[in-house]
Amino acid sequence: MKKTALAHANIALVKYWGKRDAALNLPAVGSISMTLEALSTHTSVDFRDDLPGDMLILNGRPAAVKQEQRVGAFLDLFRREAGITAAAEVVSENNFPTGAGLASSASGFAALALAAGAAAGLPLSPTRLSELARRGSGSAARSIYGGFVEMKAGERSDGTDAVAVQLQNAAYWPLAMLILITSEQEKELGSTEGMNRTAQTSPYYPAWIASSVSDLVAMREAIAGKDFQRLGEIAEFSCFKMHGLALSADPAILYWNDLSVTLIHEVRRLRRQGYGAYVTMDAGPQVKVICLPEDAPKLQQQLGQIEGIQRILPTAIGGDARLIND
Ligand code: PMV
């Protein structure tokens, strides 16, 4: 039966970078994210006996073989659990640029997990869905939930404790984010390759793992106390620490472009003028600005004047991944 799901992207406030197990995609560190209302993936899955193999239509076009294989391997997890062998037709649409450091794998695999589980007739709890979504992409485990979400690194070798939990729902604290698109090109180095290279070559990697624990504690406290300045400071610290870590890999990994650097300086300048605005960035050149909703229009107006920005996506905090009626 065909089932359709919608999941929102999320942006980590405390970053995940590094895996403790490649096969099960287990993270080496925990992470905390904010789910994003304006960025979503809409995916339908239909297991059908008449298909010669899995088919993936991504943003209106047949997907590349590599992407189709990644999705096929992910669907095998659901087929095995449901005891079915049928191939699936998967149709997926992002309402934002794919593969440019905008967490398309997070919303993509969360929506796919939810739709595939329902289409295969599996009764899956949110925890189990989060565990399965993680197999597609680490950050996808967090996109099962709305609001503020913590992904546990877990300790078990089978990964059953490497799942996300919701810290607070979307209504708890209405923060905003401005996503400054500096380039719509696909990123050069995927997060898995970037993480592997970092773990294998950076002398800073052990310090990154050790120091992530106190970032998680501090971020939980900032969220519990609705302390915006603290949240912004920890988010910037975790982000720049992750990018410094990536730069310390051999060869160095640099996800930023010229405009990313200009925008980081601009956000700092705005902060000196009294604005509450903090930067976070992922495995791509886009700059995300964490702010309060009342400041978002003015910040958008100021940042929008900077030459070269392709566009700005303002967003509020989004809700849980959900099944939708076709
Ligand atoms: O889930 P992946 O493999 O796309 O990795 C996500 C890595 C970062 O976006 C850079 C950080 C994070 O925690 O989302």
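Both ligands and their constituent atoms are indexed starting at 1 by order of listing.
Of the possible donor and acceptor atoms, one in the side chain of Asp54 sits under 3.5 Å from a partner among the backbone N and O of Ala88. A donor-acceptor pair is defined here as one N or O able to donate and one able to accept, closer than 3.5 Å; such a pair exists between the side chain of Asn95 and the backbone of Ser40. Without hydrogens or angle criteria, Asn10 side chain to Ser139 main chain gives a donor-acceptor distance under 3.5 Å. Side chain of Gln286 to backbone of Thr182: a donor-acceptor contact under 3.5 angstrom is found.
Shown in contact with Met195 at under 4.0 Å from a heavy atom are these atoms of ligand 1, numbered in order with element: 5 (O), 7 (C). Within the listing of ligand 1, atoms 10 (C) sit less than 4.0 angstrom from a heavy atom of Met242. In the vicinity of Arg142, heavy-atom distances shorter than 4.0 Å reach the ligand 1 atoms 12 (C), 13 (O), 14 (O). Of all atoms in ligand 1, listed by their number and element, those nearer than 4.0 Å to a heavy atom of Ala12 are 12 (C), 13 (O), 14 (O). Near Gly138, with a cut-off below 4.0 Å to any heavy atom, the atoms of ligand 1 are 1 (O).
By the 3.5 Å distance cut-off applied to N or O atoms, Thr192 is not counted among the residues near ligand 1. For ligand 1, the polar-atom distance check against Ser105 finds a nitrogen or oxygen pair separated by under 3.5 Å. By the 3.5 Å distance cut-off applied to N or O atoms, Trp17 is not counted among the residues near ligand 1. When only interatomic distances are considered, the shortest N/O to N/O separation between Ser191 and ligand 1 falls below 3.5 Å. On a distance-only criterion, Tyr16 and ligand 1 share at least one N/O pair closer than 3.5 Å.
Contacts between Ser139 and ligand 1, counted as non-hydrogen atom pairs separated by less than 4.0 Å, involve both the backbone and the side chain. Under 4.0 Å from ligand 1, not a single heavy atom of Met281 appears.
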The test is side chain to side chain contact (heavy atoms under 4.5 Å, CB included); show your working for Leu51 and Glu89 and say whether it passes. CA-CA 8 Å; Leu51 293 174; Glu89 182 179 30; 4.0 Å; yes
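Ring geometry for Tyr172 against Phe148 counts as perpendicular: the plane angle is over 60°, on a 0 to 90° scale with 30° as the lower cut.
Rounding to the nearest 0.5 angstrom, the gap separating the CD1 atom in Ile264 from the CZ atom in Arg269 is 15.0 Å.
No side-chain heavy atom of Tyr278 sits under 4.5 Å from any side-chain heavy atom of Val289.
Checked against the 6.0 Å centroid threshold, Phe47 and Phe78 do not count as a close aromatic pair.
Contact analysis leaves Met151 out of contact with ligand 1, as no non-hydrogen atom separation drops below 4.0 angstrom.
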